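Quick notes on the structure that follows.
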Amino acid sequence: MPLERLISARQLSVDVLHEIFDMARKMRTVCQETGRTNLLADKMIGLVFLEPSSRTLLSFQSAAQRLGAGIVFIQGVGSTSFEKGESLSDAIKVVSGYCDLIVARLPKSGDAQIASDASNVPFINAGDGGNEHPTQSLVDTFTIIEELGALSNLDYAFGFDPLQSRSIHSLCLVLSQFENVGFDFVSPPELKAPGWLIDQCRSRSVRVSESSSLKDLKDPDVIYLNRLQEERFPDRSLFEKYRYEYRLTPDQIPPATRLILDPLPRVDEIALTVDELPIAGYFRQAQNGVYIRMALLAMLLGRSL
Ligand code: CP
């Protein structure tokens, strides 16, 4: 069945992943050779971003415009009728009359499903609170496969806020489908990966371990870090307690590590000196966001190159 709405990384089967990756490679060629195409010249994309974003918002804007589509957008609630008390469902229902596909970043876990249910057009979850960020998991897996040639037979370390990082949640859901993978979650004791995620990974035969210190890093092929999710801490003192303790420096990277990723923004979790290493892939990862999001927009609108 064609993908029309992307709410969760649970929808991203291995076949769907490879279909999107193939399309993303073609989109990369378009960007490199001509910069744009008219594939979606008759389409209008609605961007509803009620939480801050740089990469996801701009890469979707770039993707839509490189495909020739028009854009309507809401950025932040301040200048909108949300300020007057309009519900998410009503707003999305209205916006879906103005465009052919909606991309939404929403503040609460579960908002993406509510918004998709209200939308009369295809819908993409661009991050719903601390729940999921499925398009980021596509960017991440595409980067891993382009850099290392595979997603299976690899050991991954995830830090440092697996409890609240929607990017870690969605990436683990996707990677857990692959053969012979190991996940080591590195975090303070209060920020351990949620039980539902650990259960899901174990039910799919992932080797799961947890560590509370960078010193205990196993020998991962891929280190995937995400900042402590400052805006989601109920108790700010907990964020302050750990923000500088959990920071990757070059001397802490095990010798067999082949790739370091971070969905960004980087705050304290990676020292600037790591950027100089060839295995630091996070800026290449951000660049891949455009190709993946071009592929997704085309696919959900039933178009292909
Ligand atoms: N990776 C990511 O979602 O970044 P933004 O919050 O800047 O969109």
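All values reported here derive from a predicted model rather than from experimental measurement. Counting starts at 1 for both ligands and their atoms, following the listed order.
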Answer yes or no: is there an ion pair linking Asp275 with Arg266, defined by an N-O contact shorter than 4.0 Å?
yes
Would you please determine whether His133 falls within less than 4.0 Å of ligand 1 on a heavy-atom basis?
yes
Ion pair Arg25/Glu146, N-O distance below 4.0 Å
yes
Give yes or no for whether the N/O distance cutoff of 3.5 Å, strictly under, is met between Leu57 and ligand 1.
no
List the closest protein heavy-atom neighbour of atom 4 (O) of ligand 1: residue, atom name, distance to the nearest 0.1 Å.
Arg55 NE, 3.1 Å
For atom 6 (O) of ligand 1, what's the nearest protein heavy-atom neighbour? Residue, atom name and distance, please.
Arg105 NH1, 2.8 Å
Taking it one step at a time, do Ser170 and Ser8 satisfy side chain to side chain contact (heavy atoms under 4.5 Å, CB included)?
CA-CA 7 Å; Ser170 290; Ser8 165; over 6 Å; no
Does atom NZ of Lys218 have more than 12 heavy-atom neighbours, drawn from other residues, nucleotides or ligands, at distances under 6.0 Å?
yes
Evaluate Pro265 for polar contact with ligand 1, using N/O atom pairs at a separation under 3.5 Å.
no
Check this for me: Gln32, atom CD, are more than 12 non-hydrogen atoms of other residues, nucleotides or ligands nearer than 6.0 Å?
yes
Between Ser13 and Asp15, does the side chain to side chain donor-acceptor pair (under 3.5 Å) criterion hold? Intermediate values first, please.
CA-CA 5 Å; Ser13 66; Asp15 286 348; 5.4 Å; no
Within a distance under 4.0 Å of any heavy atom of Leu264, pick out the atoms of ligand 1 and give their elements.
1 (N), 2 (C), 4 (O)
If the cut-off is 4.0 Å to any non-hydrogen atom of Ser54, which atoms of ligand 1 fall inside it?
5 (P), 7 (O), 8 (O)
